Amino acid sequence: MSYLSTFDPEISEALKAELTRQREGLEMIPSENFVSAAVLEALGSIATNKYAEGVPGKRYYGGCQEIDKIEDLAIARAKQLFGAEHVNVQPLSGAPANLAAYSALLSPGDTILGMDLSHGGHLTHGHPVTFMSHIWQFIRYKTTPDGLIDYDQMAALANEHKPKLILVGYSAYSREIDYARVKEIAQSVGAYTMADIAHIAGLIAAGEMNNPVSHFDLVTTTTHKTLRGPRGGMILCKKEHKKAVDKAVFPGLQGGPHENVIAAKAVAFMEALQPDFKNYARQIKANAKMLEEELRKRDFRLMFGGTDNHLLLIDITAKGTTGAQAEKALDLAGITVNKNAIPDDPRPPLDPSGIRLGTPALTTRGMKEEEMRQIADWIDRAITHNSDEKMLVSIKEEVRSLTQQFPLYTELSS
Ligand SMILES: *Cc1c(COP(=O)(O)O)cnc(C)c1O
């Protein structure tokens, strides 16, 4: 970062401090991860300079020979990784990928059946604060008291409302998804199927969770969560939807694709194709399971009956505190999580009843079951003593000494 520190010390200093923060804390926000140095290099490359509206081989600009190679590689690797017939790697992030996916197959006013947001759905699945909720009509299914997706309710609602699209894939739901059952329900009412695998894409790519790609019409994802690539999105689909999807992304919603990000996606997909990525995904799940067991022992109230993936949703009010208070206490202890609504949460969104935490970033650092046990203990102590600043500071010191045993970005100067 020598050019930056000379020309723009303010940005340079902030980036250095952010690097220290990432190194010295326990990153437990389940949607976050640490990309490799190779991904960073592609991301910061001169590919950012190029306009390449269109798709490889069919661009609106000259000089795209090398860019076409890059984007073709990204597409081929993504197809291989997920067993997809077609992939569009241009969506700028998860939210624009979802918008493009809806607009590829639906007309304004059509009905979408998706998961209730407090039960684990994402804002882009029809929250009233989004513009999408004004374009399409969203109907919602929930989870059962046991914490599993209520497929019977999904079927009943599908029958009643005849949606054009049934949507699965979540941000806070911690269990497996029965895609075959969803497809059957969709077929019975003539609806399209869409899975938003933003959170679990890396686990699916590694064969550690069910893969919806061969059953479903559309699959959207981010590339920066468990897939451990640059911040971005993509859409995977059957050949029959290729034209509609590509048109929806460009010119429907976007302009020039971010080819530096696409280069970084290609690198991340290559990493995910390596045998070692399977070990990574397996360890993410093993770590989440260990955390579940250790937190259960300490009387934490886990939602959805536990976890089959990389994350846990916890009703923290059962510990006499709130989501916002818990997030703050853990932050002071060097553990980053996020406050989160629990199913049918009676509390407001800015101070909900829950916290959500996950293991992808810690696992990238090399942490295993033993560290999870220790972390569960710190979480319990921080929550139990959430107003004892001395205690929180002393946990933070312990956290810092653990993180030093798991160095991050040794190739970058501090
Ligand atoms: C994170 C997420 C998104 C949005 O991704 P952004 O890149 O933040 O726009 C969409 N859907 C689900 C299920 C997500 O978890």
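None of the values given here were measured: they were computed from a predicted structure. When a ligand or atom number is given, it counts from 1 through the structure's own listing order.
Close approach of ligand 1 to His199 is summarised as follows: ligand atoms under 4.0 Å from at least one heavy atom of the residue are 15 (O). Atoms of ligand 1 found under 4.0 Å from any heavy atom of Gly94, numbered from 1 in the order shown, are 4 (C), 5 (O), 6 (P), 7 (O), 9 (O). Less than 4.0 angstrom separates some heavy atom of Thr222 from each of these atoms of ligand 1: 5 (O), 7 (O). Contact atoms of ligand 1 toward His224: 7 (O) (distance under 4.0 Å to a heavy atom of the residue). Listed by number with element, the atoms of ligand 1 under 4.0 Å from a non-hydrogen atom of Tyr170 are 13 (C). For ligand 1, the atoms sitting less than 4.0 Å from at least one non-hydrogen atom of Ala198 are 2 (C), 11 (N), 12 (C), 13 (C), 14 (C), 15 (O), numbered in the order shown with element in parentheses.
Using a non-hydrogen distance threshold of 4.0 Å, Arg231 does not register as a contact of ligand 1.
Below 3.5 Å of separation, one finds an N or O of Ser171 facing an N or O of ligand 1. Considering backbone and side-chain atoms alike, Gly169 places every N or O at 3.5 Å or more from each N or O of ligand 1.
The ring of Tyr141 has its center no closer than 6.0 angstrom to the ring center of His119. In summary, the aromatic rings of His199 and His310 are positioned with their centroids under 6.0 Å apart.
Each of Glu294, Glu293, Glu292 was scored for a salt bridge (charged side-chain N to carboxylate O under 4.0 Å, His left out) with Arg373, with one residue passing: Glu294.
Ranking the protein heavy atoms by distance from atom 7 (O) of ligand 1 puts Ser93 OG, 2.4 Å first. Protein heavy atom closest to atom 1 (C) of ligand 1, with residue, atom name and distance, is Lys225 NZ, 1.4 Å. Looking from atom 9 (O) of ligand 1 to the surrounding protein, the closest heavy atom is Ala95 N, 2.8 Å. Atom 13 (C) of ligand 1 has Asp196 OD2, 3.2 Å as its closest protein atom, hydrogens excluded (heavy atom only).
Between Asp308 and Lys285 there is no salt bridge, since no side-chain N of the basic residue sits under 4.0 Å from a carboxylate O of the acidic one.
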Under 3.5 Å, which donor-acceptor pairs do the side chains of residues 74-85 form with other protein atoms, sequence neighbours left out?
| unit_1 | atom_1 | unit_2 | atom_2 | d |
| --- | --- | --- | --- | --- |
| Arg77 | NH1 | Ala266 | O | 2.9 |
| Glu85 | OE1 | Lys239 | N | 2.8 |

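Atom CZ of Arg347 is surrounded by more than 12 heavy atoms from other residues, nucleotides or ligands within 6.0 Å.
Leu311 approaches Ser171 most closely through the heavy-atom pair CD2-O, 3.6 Å.
A cation-pi geometry, defined here as NZ or CZ lying under 6.0 Å from the six-membered ring centre and within 45° of its normal, does not hold between Arg23 and Tyr409.
Taking CZ of Arg59 as the start and CD of Gln65 as the end, the distance is 11.0 Å to the nearest 0.5 Å.
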